[in-house]
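Report on the structure given below.
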Amino acid sequence: RYSLDPGHRSELHTSAPGKALLACLPEEECKALVARIRFTRYTKNTITSAKAYMKELAEVREKGYSIDRGEAYDGVYCVGAAIRDRNGYPVASIWITGPAQNCPPKDISAVGAKIVAAAQAVSSRLGFG
C-alpha cells in the first residue's frame, strides 16, 4: 500500500507528474525552471544533474509519458502524462503509482499508453487537439 497525505508536495526532478509537466512547457520556460532545481538525491535512482534531467525530459517528449523509477521513494514507480489546455499548455497531470514489482519494465509502455490516452481525453475536453 502506498499513500500520500493531501497537499503532499513532490519535487519536479523525482516525480512523474513533474517530469510530464516540464516536458510539455515551451523550451525556454522549461530550461529556466530546470536551472532553478536543486537536484537532491533521495534514492540511488534519483536524477542529480540538470544535464541528465534534460535528457530525461527529451525522452518524455518523445514517448508522451514520464516515468519515476523509484527516484523519490525506493520501490515506488509512477507513470504520468500532462493534461493540456486549448493552447497546448500543460495545466495538470495524471499518473499512476505503485510498487515496482507491480510495474515491471516490460509493462511500462502499455501503462504509458493508457495514461497518455486518459490525459488526451481530459485535454480534449479542455479544447486541446
Side-chain angles (χ1 to χ4, degrees):
R1 180 168 182 245
Y2 177 76
S3 65
L4 295 171
D5 293 329
H8 174 82
R9 292 178 175 233
S10 296
E11 295 198 40
L12 291 173
H13 74 291
T14 64
S15 69
K19 291 177 189 180
L21 290 169
L22 279 178
C24 290
L25 288 173
E27 187 175 350
E28 291 307 312
E29 188 174 353
C30 177
K31 286 180 181 178
L33 285 170
V34 170
R36 294 175 43 202
I37 295 174
R38 293 180 62 185
F39 289 91
T40 304
R41 178 180 296 280
Y42 295 99
T43 73
K44 64 181 173 62
N45 294 332
T46 304
I47 296 171
T48 58
S49 75
K51 182 178 180 179
Y53 193 64
M54 291 301 290
K55 181 179 177 192
E56 177 85 359
L57 294 179
E59 291 175 15
V60 172
R61 284 183 208 98
E62 184 180 310
K63 293 178 182 176
Y65 61 89
S66 57
I67 306 167
D68 164 3
R69 299 168 186 87
E71 296 163 41
Y73 305 100
D74 280 320
V76 177
Y77 273 42
C78 305
V79 180
I83 295 170
R84 299 171 187 240
D85 67 12
R86 68 174 181 247
N87 299 310
Y89 195 82
V91 294
S93 58
I94 186 168
W95 70 97
I96 187 168
T97 301
Q101 66 266 21
N102 290 354
C103 195
K106 69 177 181 59
D107 294 342
I108 288 178
S109 64
V111 171
K114 290 178 182 180
I115 294 295
V116 168
Q120 287 174 340
V122 176
S123 297
S124 71
R125 293 195 65 170
L126 296 176
F128 180 68

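In what follows, residues are counted from 1 in the order of the sequence shown. Model, not experiment: these values are computed from the prediction.
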Notebook entry, point to check: A50: what forms a side-chain contact (heavy atoms from CB on, under 4.5 Å) with it, not counting sequence neighbours?
Noted result: V34, F39
Notebook entry, point to check: With no hydrogens and no angle check, is any side-chain donor or acceptor of T46 less than 3.5 Å from a backbone partner on T48?
Noted result: no
Next item on the list: Scan residues 114-129 for pairs that pass side-chain hydrogen bond (donor to acceptor under 3.5 Å, both in side chains), counting only residues two or more places apart or in two chains.
Entry: none
Note to self: Is there a continuous path of hydrophobic side-chain contacts, each under 4.5 Å between heavy atoms, that joins M54 to I37?
What the structure shows: yes
Check: With the 4.5 Å side-chain cut-off for hydrophobic clustering, are I67 and I115 part of the same group?
Finding: yes
Notebook entry, point to check: What is the distance from atom OH of Y77 to atom CG of D107, rounded to the nearest 0.5 Å?
Noted result: 12.0 Å
Margin query: Filter on salt bridge (Lys or Arg N to Asp or Glu O under 4.0 Å), then keep only pairs touching residues 13-23, sequence neighbours left out; what's left?
Written below: K19-E56, K19-E71
Notebook entry, point to check: By side-chain contact (heavy atoms from CB on, under 4.5 Å), which residues pair with A113, not counting sequence neighbours?
Noted result: none
Notebook entry, point to check: Roughly how far apart are L33 CG and Y53 OH, rounded to 0.5 Å?
Noted result: 9.5 Å
Check: Do L21 and I94 share a hydrophobic cluster, counting only Ile, Leu, Val, Met, Phe, Trp and Tyr and linking them when any side-chain heavy atoms are less than 4.5 Å apart?
Finding: no
Item checked: Side chain to side chain, D68 and V76, heavy atoms closer than 4.5 Å -> no
Note to self: Using the rule given for side-chain contact (heavy atoms from CB on, under 4.5 Å), can you reason through I108 versus Y65, listing the C-alpha separation, both sets of side-chain angles and the distance that settles it, and then say yes or no?
What the structure shows: CA-CA 10 Å; I108 288 178; Y65 61 89; 4.0 Å; yes
Notebook entry, point to check: Could you give all pairs that pass the side-chain hydrogen bond (donor to acceptor under 3.5 Å, both in side chains) test and reach residues 24-35, with sequence neighbours left out?
Noted result: E27-K31, E29-Y89
Checklist line | Transitive ILVMFWY side-chain link V79 to V60, under 4.5 Å | finding: no
Next item on the list: Scan for salt bridge (Lys or Arg N to Asp or Glu O under 4.0 Å) pairs involving residues 78-94, sequence neighbours excluded, and state none if there are none.
Entry: none
Per-pair distances, 0.1 Å, donor-acceptor, side chain in residues 10-17, under 3.5 Å, sequence neighbours excluded:
from	atom 1	to	atom 2	distance (Å)
E11	OE2	Y42	OH	2.1
H13	NE2	T40	N	3.4
H13	NE2	T40	O	2.8
T14	OG1	E11	O	3.3
S15	OG	E11	O	3.2
S15	OG	G18	N	3.0

Item checked: Residue list, side-chain contact (heavy atoms from CB on, under 4.5 Å) with S49, at least two apart or on another chain -> K51, A52
Next item on the list: Provide the full list of ring-ring contact (aromatic ring centres under 6.0 Å, His included) pairs with a residue in residues 91-129, sequence neighbours left out, each pair given once.
Entry: none
